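For reference, the structure discussed in these notes is given below.
Please read these numbers as outputs of a predicted model, since none were measured by experiment.
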Amino acid sequence: MELFAWEVMDSKLFEKILLVLFCIFLFRKIIKYMFGLLKEEKEPITVLVTGAAGQIGYALVPMIARGAMLGPNQPVILHMLDIEPAAEALKGVKMELIDAAFPLLRGVVATTDVVEACKDVNIAVMVGGFPRKEGMERKDVMSKNVSIYKAQASALEQHATADCKVLVVANPANTNALILKEFAPSIPEKNITCLTRLDHNRALGQISEKLNVHVSDVKNVTIWGNHSSTQYPDVDHAIVITSGGQKPVRELVADDNWLNTEFITTVQQRGAAIIKARKLSSALSAASAACDHIRDWVLGTPKGTWVSMGVYSDGSYGIPPGLIYSFPVTCEKGDWNIVQGLKIDEFSREKIDKSAEELIEEKTLAKSCLN
């Protein structure tokens, strides 16, 4: 009887040992599999930058190659497009990208051929455009940009991937994006956006400086409208993360006069102030903002946080559909959604509508150039 009891105990012990060994074996397999996933390289994403030999382009392409746009583990192929007179400069940019030996950079195309540039593109950052020069009327500038964006839209329509995401940077950014949408009808309207993240970041910076807090602790400012001097930088729903929790920006600044006057004009006219100081337009900050825009769009915005993007209006907040207008948006899984239900006071309503009116005028002007 005693011998039988020992045999039963030995059998149970043996079973336990086998179970432990099986668990160790399984655990090793899982760890090995997970490490394999980490080592498995992602497919490269092809990013087009137009106007790549210019100031913004020159600042932007190394940021993309380093992972600032799509993350530190995402390989990229860069397509760079510029006009024929900039071909040699573009060649030099390509040489520098090769010399920098970026680990994430899997290929570089530098071309003046719009079809070659747009082939199999996943993300297009449209930096190239015709700048307004002294003595030029708005219609002259618009006419030049209509022809540029008509050609590039057609090339994207025919040669980019079906789910290509487009960010227009060149001014007038909102209306250039609208022109592009007109001539690339197969690209979903939610995939065509324009850059107001630069203005958004400028607003964050001004609040950060005013309150002497870290810029990453300032959240949920909003840029409404056009990327122009009619844009409305709004802090009515903005917060600051403090040691005592979230606090409204208006409460901490405690100066409505500054927020309703100097703050707004400083953000609206920041570009002009930089030109006056540098004798050149914003490049570094514009490139950084373009990376921020695409990164949040593709990878998502942090929970409870929104950003500003120029997107196709669906009628939200009384903005006429058919305009590319800057709204507060959240992003998830490669898609953006306009933040709904924000309270708009009379002061804000006037400024929001004023920027919409300017965009309607620009749209009418662009249509006249098309005709």
Taking distance alone, no hydrogens or angles, what donor-acceptor pairs closer than 3.5 Å link side-chain atoms of residues 266-275 to residues at least two apart or in another chain?
from, atom 1, to, atom 2, distance (Å)
T266, OG1, E262, O, 2.7
Q268, NE2, S229, O, 3.2
Q268, NE2, Q231, O, 2.7

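- Between R197 and D296 there is a salt bridge, with a side-chain nitrogen of the basic residue lying less than 4.0 Å from a carboxylate oxygen of the acidic one.
- Within a 6.0 Å radius of CD in E43, no more than 12 heavy atoms belonging to other residues, nucleotides or ligands are found.
- For D345, the salt bridge (Lys or Arg N to Asp or Glu O under 4.0 Å) criterion is met by no residue, not counting sequence neighbours.
- Every residue meeting the side chain to side chain donor-acceptor pair (under 3.5 Å) condition with D163, not counting sequence neighbours, appears here in chain and number order: T161.
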>> Run D292 and W297 through side-chain contact (heavy atoms from CB on, under 4.5 Å) and show every step you take.
In response: CA-CA 8 Å; D292 291 344; W297 189 4; over 6 Å; no

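- Below 30°, between 30° and 60°, or above 60°: for F347 and Y232 the angle between ring planes is above 60°, a perpendicular geometry.
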Listed pairs under 3.5 Å, donor-acceptor, residues 76-102 side chains, sequence neighbours left out:
from, atom 1, to, atom 2, distance (Å)
H79, ND1, A117, O, 2.9
D82, OD2, A52, N, 3.3
D82, OD2, A53, N, 2.9
E84, OE1, T112, OG1, 3.1
E96, OE1, Y58, OH, 3.4
E96, OE2, Y58, OH, 2.8

> Going through the checks in order, is the side-chain contact (heavy atoms from CB on, under 4.5 Å) test met by V249 and I239?
Replying inline: CA-CA 5 Å; V249 163; I239 56 169; 5.7 Å; no

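- Within the structure, every pair that satisfies the side chain to side chain donor-acceptor pair (under 3.5 Å) test and touches residues 203-217, not counting sequence neighbours, is listed here: H214-S216.
- Partners of D255 by salt bridge (Lys or Arg N to Asp or Glu O under 4.0 Å), not counting sequence neighbours: none found.
- Distance check: T330 OG1 to M309 CE gives 10.0 Å after rounding to the nearest 0.5 Å.
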